[in-house]
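Worksheet: the structure to be examined is printed underneath.
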Amino acid sequence: MQAEAPQTIYLKDYTPFGWHVESVHLTFRLAPHSTRVLSKIRFAPNPDAPAQTFFLHGEMLKLIAAKIDGAPVTPDVTDEGLTVAVPSGAFLWEAEVEIDPKGNTALEGLYMSNGMYCTQCEAEGFRKITYYPDRPDVMSTFTVRIEGDEKVKLSNGNPQAEGDGFAEWHDPWPKPAYLFALVAGDLVNHPGAFTTMSGKDVELNIWVRPGDEDKCAFGMEALKKSMKWDEEVYGREYDLDIFNIVAVDDFNMGAMENKGLNVFNSSCVLASPETSTDANFERVEAIIAHEYFHNWTGNRITCRDWFQLCLKEGLTVFRDSQFTSDMRSAPVKRISDVIDLRGRQFPEDQGPLSHPVRPESFQEINNFYTATVYEKGAEVIGMLKRLVGDEAYAKALDLYFDRHDGQACTIEDWLKVFEDATGRDLSQFKRWYSQAGTPRVSVSESFADGTYSLTFRQETTPTPGQPEKAPQVIPLAVGLLNPNGDEVLPTTLLEFNQSEQTFNFNGFAAKPVPSLLRGFSAPVVLDRDAGREEQAFLLAHDTDTFTRWDAGRQLARETLVDMILTGATPDMAYIDGLEAVLRDETLDPAYRALMMGTPSQSELAQVLADRGHVPDPDAIWQAAETLAQVKAERWTDLLPRLAAEAEVTGTYSPDAEQSARRALGAAVLSLQTRLDGGAAAEAQFARADNMTLQLSALSNLIRAGRDEAALKAFEDQWRGDRLVMDKWFGLQIAATTPEKVVPRTEALTAHPAFDWKNPNRFRAVMGAMMTHHAGFHSADGAGYRLLADWLIRLDDVNPQTTARMCQAFQTWRRYDAGRQETIRTELERIRSKQKLSRDVDEMVSRILG
Ligand code: ARG
Ligand code: ZN
């Protein structure tokens, strides 16, 4: 239990800091347990700020000495920082502190990973390095001197001097402390170069541990493509002489956009055909782009305070998805993003952790790096672009960069550039930032005298702290098809901005069929109860790739719900309609692979709960199994044909074309395994020469219960590769049958290679368990207990990763009384732990409600 009640921070309480920071000079004398940090910081009064006591953040620091204008001072020091009397004008603050990087297991601030020093300062980690106004609206230039024996010593900006045992860096661009970074260790680099659009040469490096050099080439290409793309599409040029990326094994998140020195979880930058799947390659490409794009959307223009996080994250996710759409298949990217949104953001937005894209309060900001801030934040920008049009979007972005370069901004600033660029009033649109919850849109239609009418209603159920919701402006992209399947109204954008609204379309001889929410034009739940015939028609004829795919998805959902609730057999109209699509060789194999997917079991649980049923995880599992089995048996002709189409000849490439075939191949293999008990998978496992094929084979062998030899062989082959072993740990839980999930998880936590302090390894195992719906929710509560045991253990070491994984319990109110009671008990047990972190305390309290 926490000693004191944690403090809540409110957006409405924002006040500027009382001083400007004119320059920062830092010297690091590196030592694993006793690094000294010497700071010289020039402060000058901020005339625009209210009078206040001079306070610097600082946590886990040992203050050795402090001076103001050269004279020793004795500040008042607490666990959170210090206060001290300061002169009324400008002054020089100097401090020397000692920190313990090796003892830092929370991986925030300066810490060590495999013998190398590295930092993670976003959001509030810099205060664990030295005393500082650690808030994003305080920006300054940094000069950094690193002293130590390490071969490589890096910081932000450009290198300025280097000599025996030291290196100096200077970053000319004013930045907040959260963008500070330092890396030191015996690293090796994969070099590259890029010439910017104005002809400036930039040195590029990816720094890795010796042994990982052969996994950098793909990341380097992705970086160059990102730099080029941002010039071409957004007119943004890189602004330093050097750009460094470092791979770190112990990292809480994916990666971090520190100015000129991006630090990556090694899983998000290292890639090779033998060790990485196609999906890994695509993710690496996207994350490199994401972090690079932050150089403008995040670094040059940053956030005034952490409530504005979506200003940089929503926009940067939007930009990286545009990039991926341009590099690969736009329809496939859109569908994948929607699957992800529905799988992660919708449950968050519809449960106890629901919060606005721009939250209004928090206790621990690390708990707000969420799917809502990131992914819904990106959807909101997509809607804005749809509403104003591509040209106005480009104009508004130019204005944004022009007007706000070098500033720390708010969502108000962001919306204002759109208002100024377009003359549009965006006050209603702003509700997308302030109202939490997923709007539900219901539809009814009528047809008379050649006029077709669509009436929409919107409703958002109450979310924590927000009982009442006002109507939002929802861009609805719609098209109409005539009964022959010809498009009679091409995609048209409706601005649906009232609780209820009717749109009329004239001049039809027969009642058309609507294709709604094309391209998933808004992050809403569309409740359209039009029957399966219409969905089957759209699956066959829709010209919009998203709604066509979604029609198949809805058919799958409806038949699964029927099977679960009434024991019905699968709907053959769905299976045959899908088969027709799968046989269409003009369609991208990746698109057809997506068509073969069905809603996740967790999504089905939510659908059942929404319709007033208590979801039974075993019944859901069983229905999904039966549906797959029936498809496999029905498609004995089709599967070999698709398998032939999925064959890739020539050398491996992770490009869209080859990955598409392998994705189709994997979907086929999972059905094939139901017919042959794993024979085809075994053959594929034996001949696989890339990780994509090896892993899909292994996954099916696990599913078929024919995995003993393969798991052993895989472990023998890959025990020296941490990232591949993460897959080995995770897959044998993720791909197995429900009854094996908890025992296997338990057994794997006893494996000598279960290094639970490494976030990737912990997530590989516990993350796999908690996302196996039927396995995690096993009726005896064993999954809940096992997860809680480990969260309690991890909290003392790494609160941030622990808090994140509490999300496993966010959907608890969907389930039956017995499960709810067990989960409540486990959450209470976590909450009553000794020295519970602020991170986990906040999460558990919100989940319990
Ligand atoms: N800004 C980083 C990104 O999205 C994420 C860093 C989050 N770190 C954290 N400790 N909350 O690219
Ligand atoms: Zn980001």
Side-chain angles (χ1 to χ4, degrees), residues 59 104-111 113 118-129 134 136 156 175-181 222-223 226 230 245-248 250-265 267-269 283-303 305-324 344 357 359 362-378 381 759-760 763 798-807 837-840 842-843:
E59 286 175 17
N104 180 352
T105 58
L107 315 182
E108 196 184 49
L110 178 66
Y111 65 95
S113 172
C118 60
T119 54
Q120 171 56 37
C121 292
E122 187 177 2
E124 299 179 332
F126 191 75
R127 62 190 62 182
K128 295 182 171 177
I129 292 176
D134 187 7
N156 315 92
K175 66 166 176 290
Y178 82 86
L179 292 173
F180 167 81
L223 175 59
S226 307
D230 213 16
I245 287 178
V246 181
V248 175
D250 299 277
F251 205 74
N252 280 329
M253 310 278 284
M256 180 62 211
E257 70 265 21
N258 317 298
K259 184 80 186 188
L261 178 54
N262 287 2
V263 176
F264 275 63
N265 185 322
S267 71
C268 299
V269 55
R283 188 168 142 81
V284 164
E285 184 177 270
I287 296 181
I288 288 194
H290 179 96
E291 305 310 332
Y292 175 73
F293 297 158
H294 268 314
N295 191 53
W296 275 93
T297 51
N299 301 2
R300 289 288 285 260
I301 304 179
T302 192
C303 303
D305 53 68
W306 290 120
F307 297 103
Q308 321 294 330
L309 183 59
C310 63
L311 179 76
K312 73 178 178 81
E313 295 303 346
L315 178 53
T316 306
V317 171
F318 181 70
R319 275 153 47 72
D320 83 55
S321 57
Q322 287 182 299
F323 169 78
T324 299
R344 296 192 306 118
V357 169
F362 62 76
Q363 290 170 2
E364 172 50 63
I365 184 58
N366 283 328
N367 289 335
F368 287 84
Y369 285 71
T370 59
T372 297
V373 170
Y374 276 65
E375 275 74 31
K376 187 176 178 184
I381 292 174
N760 288 358
R763 276 190 291 255
N798 187 334
Q800 197 177 312
T801 290
T802 311
R804 191 152 269 274
M805 299 194 76
C806 292
Q807 283 174 353
S837 66
R838 172 172 64 191
D839 310 53
V840 174
E842 181 182 31
M843 289 296 278

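Counting convention: from 1, in listed order, for ligands and their atoms alike. Note that the numbering runs from 1 along the sequence shown for the chain.
- Looking only at distances, a side-chain donor or acceptor of E842 sits under 3.5 Å from a matching main-chain atom of Q363.
- For the side chain to side chain donor-acceptor pair (under 3.5 Å) test, residues two or more places apart in sequence or in another chain that qualify with D230 are R319.
- Between the side chain of T297 and the backbone N or O of T316, no donor-acceptor pair lies under 3.5 Å.
- Looking only at distances, no side-chain donor or acceptor of N798 sits under 3.5 Å from a matching main-chain atom of L107.
- Counting only distance, with no hydrogens or angles, the side chain of E257 and the backbone of H294 share no donor-acceptor pair below 3.5 Å.
- Rounding to 10 degrees, one finds that the Zn ion (ligand 2) sits at the corner of an angle of 100° between H294 NE2 and H290 NE2.
- Contact residues of ligand 1 (protein heavy atom closer than 4.0 angstrom to a ligand atom; sorted by chain and number): Q120, E122, M253, A255, M256, E257, H290, E291, H294, K312, E313, N366, Y369, Y374, Q800.
- Residue contacts to the Zn ion (ligand 2): E313 brings an N, O or S atom closer than 2.8 Å.
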- Is there a ring-ring contact (aromatic ring centres under 6.0 Å, His included) between F362 and F307 once you walk through the steps? CA-CA 9 Å; F362 62 76; F307 297 103; 4.9 Å; yes
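- With Y369 contributing its side chain and M253 its backbone, the two residues share no donor-acceptor pair below 3.5 Å.
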